[in-house]
*Asks:* 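One structure, as structure tokens, below. Some questions next.
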Amino acid sequence: MSDNCAIHERISLNYHLFHRAQAANDLRHLILDISRAAKYVSYEIQTSESGFSGGTNISGEEQLKLDVLSDDIFRQHLCESELVCCYSSEEQEEVIELAKDAPYSVVFDPLDGSSLVDTNFAIGSIIGIYEGDKILGRKPREQVAALYVLYGPRTTLVYSTGKGVHEFILNDVGEFILFREFLGINDDAKNYSPGNLRALSSNDKYKSVVQGWLDRELTLRYSGCMVTDIHHILSKGQGIFTNIGGNKYPDGKLRLAFECGPFAYLIEQAGGKASDGTQSILDKEITDLHQRTPIIIGSKNEVENVCAQLK
Ligand code: FBP
């Protein structure tokens with residue numbers, strides 16, 4: 001693809017992956033296939049009925065029809081790519097084998113925040129990509145790419161392959177077009193997004209952290225969807241998101257492999273920080289596909305401030 005292909009007011013995801021990220025062809029094609037899956041998920045959110053599927057996932061959460069449908073859409077596109085040897089999904093108990101000897105393994109939450117579908121809130125998909133044929137035993141720092149899609153008033157896709165974080169908007173003809181490059185995060189936060197607040201009844205240190213934000217009169221921004229709330233940090237260039245343990249969720253509500261790991265990769269690529277309170281999320285080994293982890297993520301100085309209070 002020669003560089004004179006660019007129509008500079010319309011930089012496509014394909015062009016950006018080739019010329020700006022200089023991604024390997026297989027990785028570029030895989031990310032493009034994932035972006036196609038996201039378009040179908042976006043369409044189904046707009047058009048299909050919500051409601052419960054009647055099933056539950058391994059985490060014991062009732063599955064919405066859209067949870068199952070979006071999981072199947074991603075499976076279809078990963079399978080068609082012929083580039084994925086296996087994947088792990090929040091909606092699947094075990095690793096699913098696809099194309100033997102294919103170069104990548106994928107972890108994803110097909111529809112994060114799905115409990116908000118009936119409220120018409122923005123929700124998203126979260127994807128992490130590893131080279132090789134295994135997921136258990138890996139650490140999020142080993143990812144070769146991470147991306148998310150936000151299904152809001154506009155459908156946006158944000159990715160990194162290790163050369164910065166870049167945002168694309170789905171246009172009227174169904175193509176993701178570059179919106180912003182090199183999203184960055186300042187060291188200090190003015191906004192806070194406190195998840196799992198039910199933990200404050202049993203976690204005094206977390207309670208003190210939240211009280212500190214109130215005392216400093218920081219601005220609360222919380223929707224109940226991790227993709228939306230962390231996109232807010234990337235979009236505004238500052239902020240802090242937490243989901244910390246308490247009685248109901250001792251390790252917090254969010255999963256390491258397909259929620260916290262991909263976001264830790266993206267946020268650290270943008271100059272922020274992601275910790276579980278004692279170590280970088282990027283260095284936590286995936287010992288169980290559905291293991292949960294506390295997460296403190298966003299502006300570096302605020303992450304360090306919160307971690308110091310939690311010790
Ligand atoms: P699902 O992936 O099952 O929807 O749950 C994840 C999530 O909705 C996150 O998107 C969000 O940050 C969190 O749960 C909300 O937790 P809480 O209910 O404690 O605010």
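Residues take their numbers from the sequence shown, with the count starting at 1. Remember, it's 1-based here, ligands and their atoms both numbered in the order they're listed.
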*Asks:* Take Asp276 and Thr293 through the side chain to side chain donor-acceptor pair (under 3.5 Å) test and state the conclusion after the steps.
*Replies:* CA-CA 6 Å; Asp276 68 352; Thr293 177; 4.6 Å; no

*Asks:* Show me the donor-acceptor pairs, under 3.5 Å and distance only, between side chains in residues 258-266 and residues at least two apart or in other chains.
*Replies:*
residue : atom : partner : partner atom : Å
Glu259  : OE1  : Arg255  : N            : 2.6
Glu259  : OE1  : Arg255  : NE           : 3.0
Glu259  : OE2  : Arg255  : NH2          : 3.2
Tyr265  : OH   : Gly162  : N            : 3.0

*Asks:* Please produce the table of protein N or O atoms sitting under 3.5 Å from N or O atoms belonging to ligand 1, one pair a line, distance to 0.1 Å.
*Replies:*
residue  : atom   : partner : partner atom : Å
ligand 1 : 2 (O)  : Glu90   : OE2          : 3.4
ligand 1 : 2 (O)  : Asp109  : OD2          : 3.3
ligand 1 : 2 (O)  : Asp112  : OD1          : 3.4
ligand 1 : 2 (O)  : Glu259  : OE2          : 3.4
ligand 1 : 4 (O)  : Gly113  : N            : 2.9
ligand 1 : 4 (O)  : Ser114  : N            : 3.4
ligand 1 : 8 (O)  : Gly224  : O            : 3.3
ligand 1 : 10 (O) : Asp112  : OD1          : 2.8
ligand 1 : 10 (O) : Asp112  : OD2          : 2.9
ligand 1 : 10 (O) : Met226  : N            : 2.8
ligand 1 : 12 (O) : Met226  : N            : 3.3
ligand 1 : 14 (O) : Lys253  : NZ           : 3.3
ligand 1 : 18 (O) : Arg198  : NH2          : 3.2
ligand 1 : 18 (O) : Lys253  : NZ           : 3.4
ligand 1 : 19 (O) : Asn196  : N            : 2.9
ligand 1 : 19 (O) : Arg198  : NH1          : 2.9
ligand 1 : 20 (O) : Tyr222  : OH           : 2.5

*Asks:* Establish, from distance only, whether the side-chain atoms of Ser42 and Thr155 form a donor-acceptor pair under 3.5 Å.
*Replies:*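 Yes.
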
*Asks:* Would Lys273 and Glu302 satisfy salt bridge (charged side-chain N to carboxylate O under 4.0 Å, His left out), going step by step from the backbone distance to the final call?
*Replies:* CA-CA 9 Å; Lys273 194 166 184 174; Glu302 195 59 37; over 6 Å; no

*Asks:* What pairs meet the ring-ring contact (aromatic ring centres under 6.0 Å, His included) rule with one or both residues in residues 170-192, with sequence neighbours excluded?
*Replies:*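 Sorted pair list: His166-Phe182, Tyr192-Trp213.
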
*Asks:* Enumerate the ring-ring contact (aromatic ring centres under 6.0 Å, His included) contacts for residues 119-140, please, sequence neighbours excluded, ordered by first and then second residue.
*Replies:*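 Non-adjacent pairs meeting ring-ring contact (aromatic ring centres under 6.0 Å, His included): zero.
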
